[in-house]
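Written below as structure tokens is the structure these notes are about.
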Amino acid sequence: MSRTIPHIHDTRPQIRQLDESAINRIAAGEVVERPASAVKELVENAIDAGARRIEIAYADGGKTLIRVTDDGGGITPDDLPLALARHATSKIDGNDLLNIHTFGFRGEALPSLGAVGRLTIASRSAGADAAEMTVAGGIPGAVRPAALNGGTVVTLRDLFYATPARLKFMRTDRAEAQAITDTVKRLAMAEPQIGFTLRDVSGGGAGRTSFRADPETGDLMGAMSQRLTRILGREFTDNAIAINAERDGLTMTGYAALPTYSRGSALAQYLFVNGRPVRDKMLTGALRAAYRDLMSRDRHPAAALFIECDGALVDVNVHPAKSEVRFRDPGTARGLIVSGLRHALAEQGHRASSTVAGATLGAFQPEPVGARVYQMDRAGHAPMLRPTPTPGFAEMQSGYSARVEDAPQETDETAPEVAPQSCPLGAARAQLHENYIIAQTENGMVIVDQHAAHERLVYERLKRQRAENGVAAQALLIPEIVDLSDADCATLMAVADDLASFGLGIEPFGGGAIAVRETPAILGAVDARALILDILDELADQNDSDTLGARIDAILSRVACHGSIRSGRRMQADEMNALLREMEATPHSGQCNHGRPTYVSLALSDIEKLFGRT
């Protein structure tokens, strides 16, 4: 049976120049994937125009109508035809594509939208008359007078009507509307001084306002906090820490949530580079690495981080939708995120998220109140002639795990008494079920999981010892030879010194092979080849490798788990107070090695509410 090879032809194909309409439709396929992409391009144009207020209206998930109104600088009538021409822009002069300071710079968005939909632009610039122009399916109309006080109104109707095949790939109106909302919220996070209004006008009329963010005032961090509160909710900002770090010309600001305020997916991660929302694999990997030993693998951190740098240090022209960036020095950007977040989180000490206390209070259910049933009315009980003595505390002590108040003969007269108001985690008052320490604070109480808390304390102690003394290396009697390609061998040898600091000693062995002569002693028997390949995969994926460090940390975590105070051990008052004091002095002690909270703090006012004492 003969088989046709599709790329081999009997006749030579002719090379031809595509017409302008086809070129614009192809470009539209790269720039405009869905209605949310069109909204992103138009709102970014409004921001570049200096707008202070931007209103976005859409109908049917943006499929039939998208209208963006701004109070920016506007466009003169003479410039309208040029604004709708391909590769025409006022934002760059074409001399330096590595120093971009605006969202748009290619001059593709407006002609691309006009190629696949019905696009109308009405604009008025200061000192000029208002004018409008329409492009439908790539065919431009004439410039006409318009009625407009100032700014620009861009109306896009019937998106993809000129390319109906694209409509088959659209999702439901609700899904497309959600994508538009997410896009506008991301842009609003980066521009807190600009007001945004999003309205759904499906069905006609004024429509329904689905999102509104008025311009914020104050300094940068204050305005950013207010805007994030409006978009992500008060719960996020209450449980997030302010970030301000700098390294080699890159600065990072924003807010990152505490490890105990984690999420089941990465949807609560917002990253920006020079104000541009990005979804960059290297940056999200760095964010994940910063929380590596602070939460379990199935949880994800929440953060809104803004990286600013000189335009020459980052290339934003590597993706058609400009959603990915490339730094001149990726290691610096990654190191800034990892070290900046770890330092900020360590400064929080024992702090845990307030949501832990909220969940605890939510789990408490008051006893249901019903009609009173007296003892003599209970079925199966005869009236008692004489009441049975109620057991006192002496008889009930066997049912309790421990009491802090020691017997008088066992009291240590030299041990100072801890005042609840003198320490953040208070003074130990009792131990329940040989696992939970109850401490009294100035304004409430703290419940501590003794095993989880001590596990984190031991783990941090082991990490400090490793940092001070290094990782002991174990020499192999017979070096293990790993055959690699020349490129992989060069990549690995470039980080040989870093690997040696973790106890992994390698050297070239001729050709593309390397010899593994030492492995970290704490790992025991190691499959050197598998470890080397894992490190190479991570280097190729993120230009950095935490594989070896993660494995060593995992061993230290396991050692800490086995070496910490076990559940079921009765503790004396001085031991419990010593544990509380060490928690207050140890970074990250608010969560155990697996990301679970080590303590719950309950305010006295919240406890009183449970008993109706408000």
Side-chain angles (χ1 to χ4, degrees), residues 225 228 232-245 252-271 283-305 334 336-360 424-425 446-464 546 549-550 552-554 556-558 560-561 564 579-580 582-601:
S225 176
L228 292 177
L232 301 180
R234 172 66 63 182
E235 191 176 84
F236 170 79
T237 49
D238 284 348
N239 293 286
I241 56 178
I243 304 297
N244 194 343
M252 178 176 65
T253 56
Y255 288 85
L258 295 166
T260 46
Y261 184 84
S262 60
R263 288 292 176 263
S265 68
L267 294 179
Q269 296 176 3
Y270 302 91
L271 299 171
L283 298 180
T284 55
L287 175 60
R288 180 78 179 176
Y291 285 81
R292 186 186 65 204
D293 62 347
L294 300 176
M295 60 179 57
S296 60
R297 290 181 175 271
D298 60 340
R299 304 298 293 178
H300 299 265
L305 301 177
R334 189 176 191 278
L336 172 66
I337 295 176
V338 175
S339 62
L341 288 178
R342 286 182 177 174
H343 181 72
L345 291 170
E347 287 183 336
Q348 298 304 301
H350 66 277
R351 182 185 170 194
S353 62
S354 62
T355 54
V356 176
T360 304
L425 293 181
V446 169
I447 307 173
V448 179
D449 183 332
Q450 68 186 39
H451 172 67
H454 198 243
E455 181 181 4
R456 168 58 71 175
L457 299 179
V458 175
Y459 180 43
E460 293 297 326
R461 199 178 304 144
L462 291 173
K463 287 200 300 182
R464 285 196 301 270
D546 285 330
I552 293 174
D553 283 346
L556 295 180
S557 176
R558 200 172 305 132
C561 182
S564 59
L579 179 66
L580 297 176
E582 189 174 358
M583 288 177 64
E584 293 166 351
T586 302
H588 312 309
S589 60
Q591 57 279 320
C592 73
N593 306 351
H594 314 291
R596 295 188 296 269
T598 57
Y599 73 92
V600 176
S601 179

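Scanning both residues, Thr260 and Gly590, for their nearest heavy atoms gives CG2-O, 3.9 Å. Listed here is the closest heavy atom pair of Ala257 and Phe236: CB-CE1, 4.2 Å. For the pair Cys592 and Thr598, the tightest heavy-atom approach, listed with the atom from each and the gap, is N-CG2, 3.4 Å. Closest approach of Gly340 and Met252 over heavy atoms only: CA-CE, 4.1 Å. Contact record, Pro587 with Ala346: CB-O, 3.5 Å, taken as the closest heavy-atom pair. Nearest heavy atom pair, residue Arg263 against residue Ala268, reads CG-CB, 4.1 Å.
In this structure, the side chain to side chain contact (heavy atoms under 4.5 Å, CB included) partners of Ser225, at least two apart in sequence or on a different chain, are Thr229, Thr237, Tyr255. For Thr586, the side chain to side chain contact (heavy atoms under 4.5 Å, CB included) partners at least two apart in sequence or on another chain are Leu457, Glu460, Glu582, Ser589. Every salt bridge (Lys or Arg N to Asp or Glu O under 4.0 Å) that Asp293 has, sequence neighbours left out, goes to Lys463. With sequence neighbours excluded, no residue forms a side chain to side chain donor-acceptor pair (under 3.5 Å) with Gln591. In this structure Gln348 satisfies the side chain to side chain contact (heavy atoms under 4.5 Å, CB included) test together with Ile241, Leu258, Arg351, sequence neighbours excluded. Every residue meeting the side chain to side chain donor-acceptor pair (under 3.5 Å) condition with Arg299, not counting sequence neighbours, appears here in chain and number order: Ser262.
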Fill in: Verdict with reasoning, Arg288 to Thr284, per side-chain contact (heavy atoms from CB on, under 4.5 Å)
CA-CA 6 Å; Arg288 180 78 179 176; Thr284 55; over 6 Å; no
Item to complete: Could you give me the CA-CA distance, side-chain angles and deciding distance for Asp238 and Tyr261, then say whether side-chain contact (heavy atoms from CB on, under 4.5 Å) is met?
Response: CA-CA 10 Å; Asp238 284 348; Tyr261 184 84; over 6 Å; no
Practice prompt. Check step by step if side-chain contact (heavy atoms from CB on, under 4.5 Å) holds for Val448 and Leu425.
Written response: CA-CA 9 Å; Val448 179; Leu425 293 181; 5.6 Å; no
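Side-chain contact check for Tyr291 versus Leu345: some heavy-atom pair is nearer than 4.5 Å. Looking at heavy atoms from C-beta onward, Leu228 lies out of side-chain contact with Tyr270 at the 4.5 angstrom threshold.
Going from atom CG of Leu305 over to atom CG of Leu283 covers 9.0 Å, rounded to the nearest 0.5 Å. In this structure, CD1 on Ile337 lies 12.0 Å from CZ on Arg342, to the nearest 0.5 angstrom. Expressed to the nearest 0.5 Å, how far CE of Met295 lies from NE2 of His588 amounts to 11.5 Å. Rounding to the nearest 0.5 Å gives a distance of 13.5 Å between CG of Leu341 and CZ of Arg292. Note that CG of Leu287 and CD of Gln269 are 4.5 Å apart. Values are rounded to the nearest 0.5 Å.
Judged by distance alone, with hydrogens and angles left aside, the side-chain atoms of Arg456 form no donor-acceptor pair with the main-chain N or O of Met583 at under 3.5 Å.
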